[in-house]
Amino acid sequence: MTATEPVDLTVADLHPALGDPALTSMNFLNEVSERYPAAVSLAAGRPYEEFFDLAAVHRHLDTFHRHLTDDLGHSPEQARRLLLQYGRTKGIVHQLIARNLAVDEQITVDPEAVVVTVGCQEAMFLVLRALRAGPEDVLLAVAPTYVGLTGAARLVDLPVWPVAGGPSGVDVADLSVQVRRARAAGLRPRACYVMPDFANPSGVSISAEDRRRLLTLAAEEDLLLLEDNPYGLFHSADGPRPPTLKALDTGRRVVYLGSFAKTVLPGARVGYVVADQRVAGPDGRVGPLADQLAMIKSMVTVNTSPIAQAVIGGRLLENGCSLVAANIRERSAYTRNLRHLVTGLRRRFPGRAAVRWTVPAGGFFVVVTVPFPVDDALLDRSARDYGVLWTPMAHFYDDTAPVCALRLSVSAVTPQQIDVGLDRLTALITDEVARRAG
């Protein structure tokens with residue numbers, strides 16, 4: 001439909017967030033990919049598809065079904081109903097998720113504090129909807145910020161205040177300053193959103209020391225920390241992974257957001273939230289925040305697909321509830337690709353200080369800084385004329401200031417595709433520098 005055709009509504013008649021760049025950026029990036037299918041995509045943060053196996057999906061479902069009948073003692077009729085009928089709002093694999101967190105992350109949590117969601121995106125939405133109690137409420141978030149978080153906050157009318165990130169992942173001192181500034185303005189900072197491990201989009205991780213400082217500050221300022229951890233298993237460095245914030249959390253300051261999109265199967269669309277904060281109801285009864293989130297969920301998606309949950313549950317059961325064990329091949333592939341990309345950048349830009357890049361210790365993303373602004377028009381030209389896709393970092397900042405950086409993703413490509421993509425990106429950068437110099 002074009003603007004000249006009759007319309008019944010305008011965007012101005014709808015929720016203000018529907019015209020916000022945070023909600024349109026994902027659609028734009030998908031559209032660019034669809035318009036230029038032959039372009040090498042170093043943009044998508046999708047998991048590696050080489051190990052996708054349709055037969056495994058059926059096996060996982062059968063494994064979970066046997067768990068229901070053999071381990072939990074359900075009758076065949078009960079098991080069938082549990083898998084095929086409307087289900088429990090908080091989910092049916094909550095106990096397995098609690099076991100997984102204990103095995104892989106040393107997080108001890110009551111399964112009743114877990115809500116299984118339709119992807120981690122719903123988990124974010126539920127938490128933000130619950131925390132936005134009035135117009136004075138604000139959310140703090142480390143910049144650059146995952147655009148899905150910003151968009152969800154827009155939909156619940158929760159303003160987002162940026163907190164400096166930088167090479168350490170978060171500037172704890174700046175977080176303290178922003179909390180005080182918000183309160184001085186008569187606002188109530190409810191929580192700070194952080195992605196401590198290989199953050200999207202920066203790829204940066206927060207040090208163990210700063211994780212403890214964050215928890216101390218959260219306790220001092222009566223602040224929640226929303227910890228999003230989709231990439232934590234994919235560390236490329238030797239030695240143990242740093243503990244999650246939730247593993248260090250002794251004061252119930254951390255709401256933990258989890259996803260199986262990267263570690264099991266994105267098509268299942270299963271995530272979860274651990275919300276063990278104690279909430280007193282109007283009748284004086286006390287229960288976990290998870291109970292309140294489940295009430296919101298019951299009005300949004302009713303419940304998460306039991307069949308999809310069963311696929312996730314079967315994968316967990318087949319690996320002793322350890323996703324570390326289940327993702328050995330995937331971690332190896334991502335580590336290989338990440339090192340290949342960084343080595344390729346060094347080879348193509350030797351001694352060129354104007355072109356810099358991050359060297360993350362794991363995850364999917366590398367940020368490349370260039371000596372010119374990077375925007376959607378340049379991305380469109382890159383795809384059309386050079387045959388390579390990437391993500392403008394401007395999408396992850398909540399303002400309109402020019403950003404001279406782009407994000408590369410290594411998760412959905414082969415080393416050969418990385419080489420082709422980097423050759424094309426190098427040509428684009430070289431030509432753009434020359435064009436601006438001339």
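Side chains included, hydrogens not; waters and symmetry mates left out as well; all remaining heavy atoms used.
- Val160 has its side chain out of reach of Leu158: every pair of non-hydrogen atoms, C-beta onward, lies at least 4.5 Å apart.
- Ring centroids of Tyr193 and Tyr146 are separated by 6.0 Å or more, keeping the two rings apart.
- With rounding to the nearest 0.5 angstrom, the CZ atom of Arg381 is 4.5 Å from the CD atom of Glu432.
- Summarising the geometry, atom OG1 belonging to Thr150 is positioned 9.5 Å from atom CG belonging to Leu23; distances are rounded to the nearest 0.5 Å.
- No donor-acceptor pair under 3.5 Å is formed between the side chain of Ser332 and the backbone N or O of Ile328.
- A salt bridge is absent between Arg66 and Asp71: the closest approach of a Lys/Arg side-chain nitrogen to an acidic carboxylate oxygen does not fall below 4.0 angstrom.
- A salt bridge does not link Asp276 with Arg252: none of the charged nitrogens is closer than 4.0 Å to a carboxylate oxygen.
- Between Phe234 and the choices Tyr334, Phe198, Tyr48, the ring pair (Phe, Tyr, Trp, His ring centres under 6.0 Å) rule is met once, by Tyr334.
- Taking each heavy atom of Pro373 and Pro402 in turn, the nearest pair found is CB-CB, 4.1 Å.
- When each of Val374, Val366, Asn200, Leu42 is tested with Arg407 by the rule side-chain contact (heavy atoms from CB on, under 4.5 Å), just one qualifies, namely Asn200.
- Residues Leu149 and Leu128 have side chains in contact (heavy-atom distance under 4.5 Å, counting atoms from C-beta outward).
- For the residue pair His15/Asp157, the side-chain donor-acceptor check at 3.5 Å is satisfied.
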Working for side-chain contact (heavy atoms from CB on, under 4.5 Å), residues Asp419 and His340: CA-CA 8 Å; Asp419 283 333; His340 195 82; 3.0 Å; yes
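- Contact of the Lys90 side chain with the Lys297 side chain is not registered, since no non-hydrogen atoms from C-beta on lie closer than 4.5 Å.
- When all heavy atoms of Pro392 and Leu379 are compared, the closest pair comes out as CD-CD2, 3.8 Å.
- A distance of 11.0 Å separates CG of Leu68 from OG1 of Thr63, quoted to the nearest 0.5 Å.
- In this structure, Ser382 contributes its side chain and Leu378 its backbone to no donor-acceptor pair below 3.5 Å.
- Looking only at distances, a side-chain donor or acceptor of Arg331 sits under 3.5 Å from a matching main-chain atom of His235.
- Checked by atom type, the side-chain pair Gln309/Thr304 shows no donor-acceptor distance below 3.5 Å.
- Using a distance-only test at 3.5 Å, with no hydrogens or angles considered, no donor-acceptor pair links the side chain of Thr358 to the main chain of Pro360.
- Looking only at side-chain heavy atoms (C-beta outward), Leu425 and Ile429 come within less than 4.5 Å of each other.
- Distance check, rounded to the nearest 0.5 Å: CG of Leu338 to OG of Ser409 gives 10.0 Å.
- Counting only heavy atoms from C-beta outward, the side chains of Leu233 and Lys262 never approach each other to under 4.5 Å.
- The two atoms that bring Ala152 and Gln121 nearest to each other are CB-NE2, 3.9 Å, heavy atoms only.
- A donor and an acceptor atom, one from each side chain of Ser322 and Asp104, are located under 3.5 Å apart.
- Using a 4.0 Å cut-off between a side-chain N of Lys or Arg and a carboxylate O of Asp or Glu, Asp423 and Arg348 qualify as a salt bridge.
- Using a 4.0 Å cut-off between charged nitrogen and carboxylate oxygen, Arg211 and Asp197 count as a salt-bridge pair.
- With Asn337 contributing its side chain and Val410 its backbone, the two residues share a donor-acceptor pair below 3.5 Å.
- Taking each heavy atom of Ala22 and Ser25 in turn, the nearest pair found is O-OG, 3.5 Å.
- A salt bridge links Asp137 with Arg188; the closest basic N to acidic carboxylate O contact falls under 4.0 Å.
- Across all their heavy atoms, Pro196 and Asp228 have their closest contact at CD-O, 3.9 Å.
- Side-chain contact check for Leu406 versus Val367: every heavy-atom pair is 4.5 Å or farther apart.
- In this structure, the side chains of Val179 and Leu223 come closer than 4.5 Å at one or more pairs of heavy atoms.
- Considering every non-hydrogen atom in both Ser411 and Gly45, the closest pair reads OG-C, 3.5 Å.
- Here the straight-line distance linking atom CG of Asp375 with atom CZ of Phe372 works out to 10.0 Å at 0.5 Å rounding.
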Can Arg88 and Glu112 be said to form a salt bridge (Lys or Arg N to Asp or Glu O under 4.0 Å), step by step? CA-CA 12 Å; Arg88 178 177 179 270; Glu112 289 302 317; 3.0 Å; yes
Going through the checks in order, is the salt bridge (Lys or Arg N to Asp or Glu O under 4.0 Å) test met by Arg253 and Asp222? CA-CA 8 Å; Arg253 287 289 160 189; Asp222 191 21; 3.0 Å; yes
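- Gln277 contributes no side-chain N or O that, together with a main-chain N or O of Leu289, makes up a donor-acceptor pair within less than 3.5 Å.
- Between Phe365 and Tyr231, the angle of the ring planes goes over 60°, which puts this pair in the perpendicular group of the 30/60° scheme.
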Test salt bridge (Lys or Arg N to Asp or Glu O under 4.0 Å) on Asp62 and Arg59; report intermediate values, then the result. CA-CA 5 Å; Asp62 289 341; Arg59 188 184 73 244; over 6 Å; no
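- Here the side chain of Asn100 pairs no donor or acceptor atom with the backbone of Leu96 at under 3.5 angstrom.
- In this model, no donor atom of one side chain and acceptor atom of the other lie less than 3.5 Å apart for Trp357 and Thr369.
- Distance alone, capped at 3.5 Å, is enough to place a donor-acceptor pair between the Asn229 side chain and the Gly232 backbone.
- Asp171 contributes a side-chain N or O that, together with a main-chain N or O of Ala173, makes up a donor-acceptor pair within less than 3.5 Å.
- Using a cut-off of 4.0 Å between Lys/Arg side-chain N and Asp/Glu carboxylate O, Glu50 and Arg329 are scored as not salt-bridged.
- Salt bridge absent: Glu221 and Arg190 never bring a charged side-chain N and a carboxylate O closer than 4.0 Å.
- For the atom pair Arg315 CZ and Leu61 CG, the distance stands at 14.5 Å (nearest 0.5 Å).
- You'll find the side chain of Val279 stays beyond 4.5 Å of the side chain of Asp291, heavy atoms only.
- A salt bridge between Glu105 and Lys246 is absent, with no side-chain N of the basic residue lying under 4.0 Å from a carboxylate O of the acidic one.
- With Gln85 contributing its side chain and Arg81 its backbone, the two residues share no donor-acceptor pair below 3.5 Å.
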Audit row: Gln78, Leu82, side-chain contact (heavy atoms from CB on, under 4.5 Å) steps and yes/no: CA-CA 6 Å; Gln78 289 172 326; Leu82 193 66; over 6 Å; no
Leu215/Val254 under side-chain contact (heavy atoms from CB on, under 4.5 Å): CA gap, chis, key distance, verdict: CA-CA 8 Å; Leu215 287 165; Val254 178; 3.6 Å; yes
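- A side-chain donor from one of Gln178 and Asp174 sits under 3.5 Å from a side-chain acceptor of the other.
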CA sep, side-chain torsions, deciding dist, call: Leu214, Leu175, side-chain contact (heavy atoms from CB on, under 4.5 Å): CA-CA 9 Å; Leu214 269 176; Leu175 173 57; 3.5 Å; yes
